[in-house]
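Proteins come first, then strands; the chains are lettered A, B, ... in the order of their sequence lines, and each starts at number 1.
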Amino acid sequence: MAGKRKDKDNSSSDDSSSEDDIKKKKLKTNTPLIKVSVTSNDNKNKQLTDILTELSVFEKNKGQVHRFTAYRKAVLSIKAYPHEIKSGLEAQKLDGVGAKIAKKIDEILKTGDLKKLKSQNQDETLTAINQLSRVTGIGPQKAKSLVEEGIKTIDDLKKIKNTLTHHQQIGLKYFSEFEQRVPRKEIEVFEKLVSNSLFSIDPNIISQVCGSYRRGLESSGDIDILISHPNFTLEMKDKKKTFNIIEKLVESLKKKHILIDDLSLGPLKYMGVCKLVSTEISEQHIARRIDFKLIPYESYYFGLLHNTGSDEFNRQMRGIALKQGFTLSEYSINKLSKGVKNETPILVNSEKEIFDIIGMEYYPPNKRNL
DNA sequence: GTCCT
DNA sequence: GCGTATGCGC
DNA sequence: AGGACCGCGCATACGC
């Protein structure tokens with residue numbers, strides 16, 4: 001019930017002791033890639049992380065994205081911390097936990113609750129905004145203006161459906177379905193259907209389901225598929241209109257009744273809605289969110305790496321790249337000479353080569369669940 | 001809100 | 001009508 | 001004290 005998407009799992013990290021020098025040696029989320037594979041030790045501080053997560057949602061819907069990510073970072077750190085937190089001071093040693101959150105933690109530990117959260121929960125405007133923002137296509141701005149017009153619930157939205165954008169209408173139509181996670185088994189079926197369509201369009205097309213599915217998790221928030229072709233290169237990108245793989249794919253899948261609605265459709269990115277056709281009366285499927293991205297061939301493995309995540313893994317890997325004198329992005333890796341990035345692109349033919357370049361041990365996707 | 005400079 | 005800004009999602 | 005915190009594709013709103 002947190003945000004609209006994203007899946008997260010836990011990991012663990014080191015710990016140090018001394019209570020005083022909080023300032024200097026935080027538990028750097030830089031080091032943990034050394035021992036990363038622990039995938040789910042149970043969170044001993046669920047009460048804390050639940051409350052902080054609620055606060056993060058309020059911040060996001062107030063339009064404070066950076067505060068949102070700050071809270072989220074703190075939550076990740078705490079989830080990775082293998083002990084029961086007994087004081088704010090103890091928590092403040094974790095990366096992303098500063099004085100303000102430490103203070104909140106003390107209050108939670110002492111009273112079992114947080115006044116700030118309580119008052120926000122009693123604020124009708126804020127809770128209404130949170131509610132409306134659960135519809136995809138409705139963000140903080142739209143939610144705010146709706147509430148100002150007196151639209152406060154999902155039911156209210158249905159009454160004024162015609163004034164919503166197409167994206168928002170689809171979000172409303174599948175409101176509850178989009179909050180359900182997609183079982184791995186189901187994604188496997190979509191994967192086959194999509195590959196078949198792609199192969200019949202052009203056998204040289206390559207594709208891969210990314211996200212938490214690729215990391216091996218048993219369920220995902222949505223389905224995220226990367227597509228490329230040896231002839232679709234960076235210099236071709238300008239002529240992208242003529243390279244209409246996505247258009248053809250969407251057309252093909254609609255013919256098979258796999259795609260049932262669109263959110264957006266361009267030459268490089270598609271966002272839409274898919275559903276398995278139920279052949280047996282026994283099994284009824286529900287609508288799922290699916291995205292396709294067409295990536296230039298030279299960028300394919302960078303795109304794969306980036307879109308496989310997790311977000312936290314990416315953050316840490318980019319950090320390591322930086323230490324080795326490279327900037328790593330979704331599209332490329334570049335050597336930086338005296339702080340400036342050298343524009344000559346480095347070509348790779350696998351994800352592993354990217355790890356090699358920055359002198360990092362290879363992490364297969366299922367070890368990237370940070 | 002937290003970290004870095 | 002057309003170029004640009006903004007909201008949104010990821 | 002003050003800025004960075006990813007930035008880009010698509011749909012729509014806005015301004016001329």
Side-chain angles (χ1 to χ4, degrees), chain A residues 3-7 22-30 52-53 55-56 58-78 88 91-105 116 132-146 163-171 178 210-212 220-226 237 240-241 246-247 250 262-272 289-296 299 302-303 305-312 314-315 317-319 321-322 327-332:
Chain A
K4 266 174 263 199
R5 53 193 49 279
K6 268 339 171 205
D7 359 71
I22 296 161
K23 279 275 137 63
K24 255 309 163 228
K25 46 166 52 176
K26 288 259 185 179
L27 297 190
K28 267 316 193 179
T29 340
N30 277 342
L52 293 175
T53 299
L55 288 175
S56 79
F58 274 111
E59 291 303 334
K60 181 174 63 172
N61 292 329
K62 282 191 277 184
Q64 304 281 345
V65 271
H66 296 303
R67 289 188 178 205
F68 161 73
T69 56
Y71 274 117
R72 214 164 128 269
K73 182 180 178 190
V75 167
L76 279 174
S77 275
I78 294 172
Q92 202 172 341
K93 286 187 290 189
L94 302 176
D95 194 24
V97 181
K100 307 279 275 287
I101 290 183
K103 195 168 182 178
K104 290 179 171 68
I105 286 178
K116 183 145 282 179
L132 298 179
S133 300
R134 287 163 64 188
V135 175
T136 178
I138 298 183
Q141 298 303 320
K142 181 66 181 176
K144 184 164 178 278
S145 64
L146 284 168
T163 71
L164 299 175
T165 68
H166 176 70
H167 183 137
Q168 291 158 350
Q169 292 188 34
I170 301 302
F178 287 171
C210 297
S212 54
S220 302
D222 62 9
I223 306 166
D224 189 11
I225 302 184
L226 247 52
K237 238 184 125 180
K240 57 197 166 192
K241 290 151 295 182
I246 289 195
E247 190 189 336
V250 168
D262 306 325
L263 295 175
S264 67
L265 168 59
L268 299 177
K269 189 178 71 165
Y270 173 81
M271 298 172 67
R289 278 278 296 106
I290 189 165
D291 296 340
F292 303 126
K293 276 196 222 175
L294 179 61
I295 311 274
S299 296
F302 298 102
L305 181 63
H306 175 86
N307 286 88
T308 298
S310 64
D311 291 344
E312 180 58 19
N314 290 344
R315 242 192 84 237
M317 187 162 172
R318 284 199 307 268
L322 226 39
T327 49
L328 175 60
S329 79
E330 160 167 27
Y331 309 104
S332 62

Looking at [options], which one has an atom nearest to any side-chain atom of [X]?
{"X": "A:Ala70", "options": "D:dA11, C:dG9, B:dG1", "result": "B:dG1"}
{"X": "A:Arg318", "options": "D:dC6, C:dG9, D:dC10", "result": "D:dC6"}
{"X": "A:Lys142", "options": "B:dG1, C:dG9, C:dC8", "result": "C:dC8"}
{"X": "A:Gln141", "options": "C:dC8, C:dC10, B:dG1", "result": "C:dC8"}
{"X": "A:His167", "options": "B:dG1, C:dC10, C:dG9", "result": "C:dG9"}
{"X": "A:Pro140", "options": "C:dC10, C:dC8, D:dC5", "result": "C:dC8"}
{"X": "A:Tyr331", "options": "D:dC10, C:dC10, D:dC8", "result": "D:dC8"}
{"X": "A:Lys269", "options": "C:dC10, B:dC3, D:dC10", "result": "D:dC10"}

Test log, rule side-chain contact (heavy atoms from CB on, under 4.5 Å), inputs A:Asn314 and A:His306 = CA-CA 7 Å; A:Asn314 290 344; A:His306 175 86; 4.1 Å; yes
Over how many whole Å does the gap from [X] atom [atom1] to [N] atom [atom2] extend?
{"X": "A:Lys60", "N": "C:dC8", "atom1": "NZ", "atom2": "P", "value": "11 Å"}
{"X": "A:Ile295", "N": "D:dG7", "atom1": "CD1", "atom2": "C1'", "value": "14 Å"}
{"X": "A:Asn307", "N": "C:dG9", "atom1": "CG", "atom2": "P", "value": "18 Å"}
{"X": "A:Asp311", "N": "D:dG7", "atom1": "CG", "atom2": "C1'", "value": "14 Å"}
{"X": "A:Leu305", "N": "D:dC6", "atom1": "CG", "atom2": "C1'", "value": "14 Å"}
{"X": "A:Asn314", "N": "C:dC10", "atom1": "CG", "atom2": "P", "value": "16 Å"}
{"X": "A:Leu265", "N": "D:dA11", "atom1": "CG", "atom2": "C1'", "value": "12 Å"}
{"X": "A:Leu94", "N": "B:dT2", "atom1": "CG", "atom2": "P", "value": "12 Å"}

Indicate, with a heavy-atom threshold strictly under 4.0 Å, whether [X] touches base, sugar-phosphate, or nothing.
{"X": "A:Lys293", "answer": "nothing"}
{"X": "A:Lys104", "answer": "sugar-phosphate"}
{"X": "A:Thr165", "answer": "sugar-phosphate"}
{"X": "A:Tyr270", "answer": "nothing"}
{"X": "A:Asp291", "answer": "sugar-phosphate"}

Between D:dC6 and C:dC8 - C1' atom distance, rounded Å = 15 Å
For A:Arg72 and B:dG1, is the shortest distance between a side-chain N/O and OP1 or OP2 below 4.0 Å?
-> no
Side-chain N,O (A:Lys100) to OP1/OP2 (B:dG1) below 4.0 Å | yes
Is there side-chain contact between A:Arg289 and A:Leu263, with at least one heavy-atom pair below 4.5 Å?
-> yes
Any A:Lys103 side-chain heavy atom under 4.5 Å of A:Lys100 side chain | no
More than 12 heavy atoms of other groups within 6.0 Å of A:Lys293 NZ = yes
May I ask you to decide if A:Gln64's main-chain N or O and A:Glu59's side chain share a donor-acceptor pair within less than 3.5 Å?
-> no
Do side-chain atoms of A:Ser220 reach the backbone of A:Ser212 as a donor and acceptor pair under 3.5 angstrom?
-> no
